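Source: prediction; values computed, not measured.
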Amino acid sequence: MNTTSSGTANLNSRAGLKALLGQESAYLIRPWTLLKNYRKADLRPDLVAGLTVAVVLLPQAIAYALIAELPAQMGLYSAIVAAVIGGLWGSSRHLHTGPTNATSLLILATLLTVTQPGTPEFLAAAGLLAVMVGIMKLAMGLLRMGVLVNFVADSVVLGFTAGAGVLISVNQLRHLLRVDIASSPDILTTLRDLIYHVGDIHLISLGLGLGTMLVIGLLRRFKPDWPAALLGMIGASAVTGFFQLDDQGVRVLGALPQSLPPFSGIALPTPGLLGHLSAGALAVSAIGLVEAVSSARNIASKSGQRLDSNQEFVGQGLSSIVCGLFSGFAVSGSFTRSAINFTAGGRTPLASVFSGAWVMAAMFLLAPLAVYLPRTALAGVLLVTAFGMADRREMRKVLRTSVGDSSILVATFLATLLLPLEFAVLAGMLVSFARYLIKTSTPGVYPVVPDENFRHFVNVEDSAMCPQLGVMNIEGSLYFGAVNHVEEAIRTNQEENPRQKFLLLRMYMVDHCDVSGIHMLESIVQRYRKLGGDVYMEGVRPRVLHMIALYGFDRVLGHDHLLQNENAISHLFHKVLNPGFCVYECPHRVFAECQALPKDSHAGEFQFITETPDHHIEELSPTVLKLLTEDPDEKLLLIDVREKGEFRNWHIRGARQIPLRRLGQEGPDLPSDHSLVFVSRIGRRSEMAVHIMQDLGHLRAFNLKGGILAWEAAGYPIAVE
């Protein structure tokens, strides 16, 4: 028997492993699936869309490489490789992968912790960083951790990109002005150095850069469909070459190599280098994934495509790894290029692949012309780009509508300007995650009452509450982080309403409950039962009910305390609550069931009747009472302690009606040689009546167990006037 069980377990383990490996292999063989299902009809639209994207990608690749203080050809190599790998292994049909401004700025901030730009160590560290970033992204995809990107608020990306735009602008001023100061991620240091070297401004470079910005601005205003950045760079190159401005001090980019992305590999890193790069790699991975997935989702909302975040993580990871191995740097998804791909009519991910091919062809054809491309013109392109990085319209909406998101946005923006960039990104993520924890750990827990039509429950606010029964909604998971808040809210309500001995928890919105949640519920149940009351639940979801049953809490609570949604209040009103309290103590009619109850005008004079008797009370079952009423030798007096209207509607034949509120005055006149059996609707008021008669010295007082409802359920006759 044990051998068979062991064999079955092994088979199940192998099946689970096979399924897991099958899913991972599906992620990795994405290109085969894509190419196998490719249609010839999509070829021309994809080629056109790829060319349209390439026109934008070419100047961006060069400019974004210079943001990271890397050679221009590294940007081109990254653009080619990432477009191909990201398109083939990604999930989105339109997401375009390649260099981005925010990622490039983070790369610079990370690499400056290792060495200075322009050194061989700087270039090697850039390749290693790309591989580290790619491995992190790839691992998250294969481990199906795509859901983690949901924990980074959009306001983190808004705040970071706005701050990055300011940093890029300030950092590019030294190239626009052509002043010799060191690159620094510290905005204050850069501004101080710029002010100190204000006398070294090269006016020709400044004029050429401003002219490039003016051309781009005019083209975007009057010819928005034209490639403004590319035309601005071509114009600046033409002016520089024609007037030989490089001989007058204008710094030019120089000729670019005409070759395929060369394999560079990575040298064996030292533990110290890995330590310096690890925080930055995590930040680049995080902001890159959020940037890519948010861009893909934005386009998918228009195209109607269903995305696989894990597959996208795999594509993004492989793109950065291959870029790092082939003389590039870490990449991410670009919203601008993705939107261009979509509007240009791209139909499949091969449009992205074709954009990389177009850039490679352009590099072979136009590389010699880059010898006249002025560095100040590239600075002008980046300044225009940086100005557009801050989504001011969206930021205004966030600041106007949400205090929580506004705080995250402002905190991330300020951290981007004042802290090391990698810590700014991580700080924004931690703040958004902390906000999520705070929100989930403080679910809505509040008392409710029926609305005026008794169809729905609404917040109490100024409405009257039932003095006996508290009804509370719980809106959120009962997990370890939330149980203290939930318990405190329930305890506070109980302390504010000490006469509410019973509690009904409405659990419709509780989708998860862990062991800590069950322990909290046990504590609440014990508290109410110690006070002489009880706790009931309605609307418990199957998943939560399963957890309750596994732990055995259903036996502690009682299966009859898990009520059906449609009759919870009715059940409690007829079977649990004290009608005497309703008649004599409560002036309100909170529930629909209260509407037919009489309300005594002497409310407040008989508070003792609502308390549970503290000494033994004899009870008779309906069957025993029936036998006693049929015995002619038995001196028995049956007394119904309900109100006149209740008695008139239905009562036991032969019963005498004395309202409970009058029993204190009329009780001493009852015959002492008779057995007195008291009756009420469910036996609660009659129990109090027995207590009163015992205090008056009448020792032969009994209560009908279960009241007139039990008498009727036993099939015995009811009299109606």
Would you find a donor on one side and an acceptor on the other, under 3.5 Å apart, between the side chain of [X] and the backbone of [Y]?
{"X": "S402", "Y": "V398", "value": "no"}
{"X": "D514", "Y": "F480", "value": "yes"}
{"X": "R499", "Y": "Q468", "value": "no"}
{"X": "T440", "Y": "L437", "value": "yes"}
{"X": "S680", "Y": "S686", "value": "yes"}
{"X": "E666", "Y": "I658", "value": "no"}
{"X": "E538", "Y": "L504", "value": "no"}

Ion pair present between D673 and R700, side-chain N to carboxylate O less than 4.0 angstrom?
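No, no charged N to carboxylate O under 4.0 Å.
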Between [Y] and [X], is there a side-chain heavy-atom distance shorter than 4.5 Å?
{"X": "V156", "Y": "V290", "result": "no"}
{"X": "M537", "Y": "L521", "result": "yes"}
{"X": "I652", "Y": "L704", "result": "yes"}
{"X": "N484", "Y": "M520", "result": "no"}
{"X": "R541", "Y": "M507", "result": "no"}
{"X": "L307", "Y": "R297", "result": "yes"}
{"X": "Q694", "Y": "I617", "result": "yes"}
{"X": "L503", "Y": "R527", "result": "no"}

Would one find more than 12 heavy atoms of other residues, nucleotides or ligands at under 6.0 Å from atom [atom1] of [X]?
{"X": "H674", "atom1": "NE2", "answer": "yes"}
{"X": "R529", "atom1": "CZ", "answer": "yes"}
{"X": "F457", "atom1": "CZ", "answer": "yes"}

With side chain to side chain contact (heavy atoms under 4.5 Å, CB included) as the test, would you mind laying out the steps for I569 and V471 before giving the verdict?
CA-CA 9 Å; I569 295 296; V471 184; 4.2 Å; yes
Look up atom [atom1] in [X] and atom [atom2] in [Y], then write down how far apart they are to the nearest 0.5 Å.
{"X": "S621", "Y": "W711", "atom1": "OG", "atom2": "CH2", "result": "9.5 Å"}
{"X": "R656", "Y": "L670", "atom1": "CZ", "atom2": "CG", "result": "5.5 Å"}
{"X": "S675", "Y": "L628", "atom1": "OG", "atom2": "CG", "result": "7.5 Å"}
{"X": "S303", "Y": "N298", "atom1": "OG", "atom2": "CG", "result": "10.0 Å"}
{"X": "Q500", "Y": "L531", "atom1": "CD", "atom2": "CG", "result": "12.0 Å"}
{"X": "R642", "Y": "R685", "atom1": "CZ", "atom2": "CZ", "result": "7.0 Å"}

For [X] against [Y], the heavy-atom pair lying closest together:
{"X": "V544", "Y": "V510", "result": "CG2-O, 3.4 Å"}
{"X": "L696", "Y": "P668", "result": "CD1-CD, 3.9 Å"}
{"X": "M145", "Y": "F313", "result": "O-CE2, 3.9 Å"}
{"X": "C466", "Y": "F591", "result": "CB-CE1, 3.7 Å"}
{"X": "R491", "Y": "S523", "result": "NH2-OG, 3.6 Å"}
{"X": "P443", "Y": "S477", "result": "CG-O, 4.5 Å"}

Pair Y551 + H519: ring centers closer than 6.0 Å
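Distance test on ring centres: under 6.0 Å, yes.
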Would R144 and N310 count as having a side-chain donor-acceptor pair, cut-off 3.5 Å?
no
Side chains of D640 and Q657: donor-acceptor distance under 3.5 Å anywhere?
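The criterion, which ignores hydrogens and geometry beyond distance, is not satisfied for Q657 and D640.
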Check the angle between the aromatic planes of Y536 and F502 and answer parallel, tilted or perpendicular using the 30° and 60° thresholds.
tilted
Using the rule given for side chain to side chain contact (heavy atoms under 4.5 Å, CB included), can you reason through L625 versus F702, listing the C-alpha separation, both sets of side-chain angles and the distance that settles it, and then say yes or no?
CA-CA 10 Å; L625 178 60; F702 303 92; over 6 Å; no
Checking M693 against L663 for the side chain to side chain contact (heavy atoms under 4.5 Å, CB included) test, could you report, in this order, the C-alpha distance in whole Å, the side-chain angles of both residues, the deciding distance, and whether it holds?
CA-CA 8 Å; M693 294 307 297; L663 191 60; 4.2 Å; yes
Run Y446 and N473 through side chain to side chain contact (heavy atoms under 4.5 Å, CB included) and show every step you take.
CA-CA 6 Å; Y446 49 86; N473 270 359; 3.8 Å; yes
